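These notes are about the structure you will find just below.
As the structure is a computational prediction, the values presented were derived from the model and not from experiment.
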There are 2 protein chains.
Amino acid sequence: MRKWFATHKSTILYTVSLGILLFLLRWLELRFMVIRYALEFYIGAIAIVFTAFGIWLALKLSRPKVNTVIVEKQIFLPRPADFTLNEKELEKTGLSTRELEVLQLMADGLSNQEIAAKLYVSLSTIKTHSSKVLEKMDVRRRTQAIDKAKKLNIIP
Amino acid sequence: MRKWFATHKSTILYTVSLGILLFLLRWLELRFMVIRYALEFYIGAIAIVFTAFGIWLALKLSRPKVNTVIVEKQIFLPRPADFTLNEKELEKTGLSTRELEVLQLMADGLSNQEIAAKLYVSLSTIKTHSSKVLEKMDVRRRTQAIDKAKKLNIIP
DNA sequence: TTTTCGGTCATACTTTAGGCTGATTTTCCA
DNA sequence: TGGAAAATCAGCCTAAAGTATGACCGAAAA
């Protein structure tokens with residue numbers, strides 16, 4: 001009910017003010033006698049008033065045109081945040097999960113010895129993995145593997 | 001003259017239409033006799049007509065309200081494009097231009113020998129540079145240097 | 001003018017990375 | 001359940017990377 005009132009407020013206002021105005025005119029007419037030949041003036045006044053009212057109403061109610069300006073803002077994300085693994089490329093390489101794990105640790109700058117320690121396996125194992133990584137990625141050095149993997153979005 | 005007419009077209013139109021309407025009303029009044037007690041109707045009609053006219057006028061002439069909404073659009077640039085060198089961090093490291101050059105080539109996966117060839121210097125020189133790079137960046141391996149440099153935005 | 005710094009090069013050495021071969025164990029799927 | 005793939009490990013060798021030291025040159029700064 002309250003909501004209905006809110007949405008139709010302008011209509012109600014219009015109706016009420018119209019009624020009041022008519023009453024006022026009628027009252028004035030009876031009070032001071034109608035000057036018959038001033039009818040044009042009378043109507044003109046009403047026309048002007050209601051034109052003004054219409055203008056006011058229109059300006060009041062007209063929806064503002066929404067001009068959407070899209071500002072392109074470059075977002076510099078912290079590097080790791082925008083990483084989404086390119087699974088297609090990952091599949092292409094044929095890297096196993098363990099090999100990928102080793103590759104990631106390589107990219108973090110760890111030596112084979114450190115990777116071995118981290119994964120609780122021997123240096124030999126990591127060497128094998130690392131060799132397989134290089135082979136599967138078709139590169140000759142770990143630095144190349146890292147660069148390529150990053151470009152392919154295989155690692156962050 | 002024509003321009004004056006163009007700019008005041010609405011005013012003229014308003015005046016003329018007002019005149020015509022008054023004449024029409026007057027004519028109707030004389031023609032069919034004024035029903036005295038229908039004055040309220042008469043005025044109401046005029047009020048409505050001119051309110052409508054006012055609304056039309058307002059909508060026609062008023063500048064559209066422009067509500068500017070700024071939408072920030074995130075642009076994710078391809079990796080190499082979004083690089084802006086962090087000069088502060090670069091200064092902190094104390095890397096010379098040549099050393100930075102070597103570091104960048106390192107990050108591209110080049111071996112010292114390849115870097116030497118590319119820069120037309122000897123392997124020894126690159127080894128010296130590379131050692132200095134590692135020393136200045138406080139790391140022990142080139143992979144670490146690359147990782148750190150990328151995180152500090154010293155290289156793309 | 002002397003000092004400092006960046007860049008160059010070399011030698012000798014150690015460490016790390018990578019290649020090659022071969023082996024055992026585990027995991028998982030057809 | 002048998003076999004392929006993955007994961008593990010070892011030994012041996014070469015290549016590349018990294019350390020240490022010293023030297024030379026030229027330009028710029030003190």
Side-chain angles (χ1 to χ4, degrees), chain A residues 85-152 154-155, chain B residues 85-152 154-155:
Chain A
L85 193 139
N86 188 335
E87 290 180 66
K88 283 182 186 174
E89 290 295 338
L90 179 58
E91 269 187 51
K92 270 193 201 172
T93 61
L95 287 174
S96 71
T97 55
R98 200 58 157 173
E99 284 157 0
L100 179 61
E101 208 176 353
V102 171
L103 177 56
Q104 284 168 334
L105 293 173
M106 274 183 181
D108 290 339
L110 275 65
S111 69
N112 287 342
Q113 187 63 71
E114 288 167 338
I115 296 171
K118 193 153 206 165
L119 299 181
Y120 304 107
V121 293
S122 78
L123 176 60
S124 301
T125 305
I126 300 305
K127 281 197 170 190
T128 307
H129 285 319
S130 121
S131 282
K132 288 241 171 194
V133 168
L134 298 183
E135 187 189 316
K136 288 182 178 178
M137 296 202 65
D138 193 30
V139 293
R140 300 184 57 81
R141 276 174 296 283
R142 52 170 58 209
T143 47
Q144 281 184 329
I146 293 165
D147 186 52
K148 192 167 182 178
K150 292 209 176 197
K151 281 176 179 164
L152 294 176
I154 290 173
I155 55 172
Chain B
L85 194 140
N86 188 336
E87 290 179 67
K88 283 182 186 173
E89 289 295 339
L90 179 57
E91 270 186 51
K92 271 194 200 170
T93 61
L95 288 174
S96 70
T97 55
R98 199 58 158 174
E99 284 156 1
L100 179 62
E101 208 175 353
V102 171
L103 175 58
Q104 285 168 333
L105 293 174
M106 275 182 181
D108 291 337
L110 274 66
S111 69
N112 287 342
Q113 188 62 73
E114 287 167 339
I115 297 171
K118 193 154 208 167
L119 300 182
Y120 304 107
V121 294
S122 77
L123 177 58
S124 302
T125 305
I126 299 304
K127 282 197 171 193
T128 307
H129 286 319
S130 113
S131 282
K132 288 244 170 191
V133 167
L134 299 183
E135 187 189 316
K136 287 182 179 178
M137 296 203 66
D138 194 30
V139 293
R140 300 184 59 78
R141 276 173 295 283
R142 55 170 56 209
T143 48
Q144 282 183 329
I146 294 165
D147 186 52
K148 193 167 182 177
K150 291 209 176 198
K151 281 176 178 163
L152 294 176
I154 290 172
I155 55 171

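- Residue whose closest nucleotide on DNA chain D sits further toward the 5' end, between A:R140 and B:S131: A:R140.
- A salt bridge links A:E114 with B:R141: the distance from a Lys NZ or Arg NE/NH1/NH2 to an Asp or Glu carboxylate oxygen falls below 4.0 Å.
- One interatomic measurement links the two molecules: CD of A:E114 to C1' of C:dA17, which rounds to 13 Å at whole-angstrom precision.
- Atom CD in A:Q144 sits about 13 Å away from atom C1' in C:dA17, given to the nearest Å.
- With a 4.5 Å cut-off on side-chain heavy atoms, B:I126 and B:L105 do not count as touching.
- Nucleic acid contact for A:T125: base, since at least one base atom lies under 4.0 Å from a heavy atom of the residue.
- Projected onto DNA chain C by closest heavy-atom contact, A:T143 and B:S124 fall at different nucleotides, the more 5' of which corresponds to B:S124.
- A:K127 places its NZ atom 6 Å from the C1' atom of C:dA17, with the value rounded to the nearest Å.
- With hydrogens and angles ignored, a donor-acceptor pair under 3.5 angstrom links the side chain of A:T128 to the base of D:dC9.
- The distance from atom OH of B:Y120 to atom P of C:dG7 is 19 Å, rounded to the nearest whole Å.
- Remark: B:H129 is in phosphate contact with C:dT8, judged by side-chain N or O atoms under 4.0 Å from OP1 or OP2.
- B:L134 has its CG atom 11 Å from the P atom of D:dA20, to the nearest Å.
- The pair A:R98-A:E101 meets the salt-bridge criterion, with a side-chain N (NZ, NE, NH1 or NH2) lying under 4.0 Å from an Asp/Glu carboxylate O.
- Phosphate contact (OP1/OP2 of C:dC5, side-chain N/O of B:S96, threshold under 4.0 Å): absent.
- Under the 4.0 Å criterion applied to side-chain N and carboxylate O atoms, B:K132 and B:E135 are not assigned as salt-bridge partners.
- As a whole-Å value, the separation of A:L123 CG from C:dT15 C1' is 12 Å.
- Atom-to-atom, CG of A:N112 to P of D:dA10 comes out at 15 Å; the value is rounded to the nearest Å.
- Salt bridge B:K92/B:E89: present, at least one basic N to carboxylate O contact under 4.0 Å.
- Distances shorter than 4.0 Å separate none of the side-chain N or O atoms of A:S111 from OP1 or OP2 on D:dA17.
- Contact between the side-chain N/O atoms of B:R98 and the OP1/OP2 oxygens of C:dG6 is not found at any separation under 4.0 Å.
- Each of B:R141 and B:V121 lies near DNA chain C, and the nucleotide nearest B:V121 is the one positioned closer to the 5' end.
- Computed from coordinates, the B:Q113 CD to C:dG18 C1' distance equals 17 Å when rounded to whole Å.
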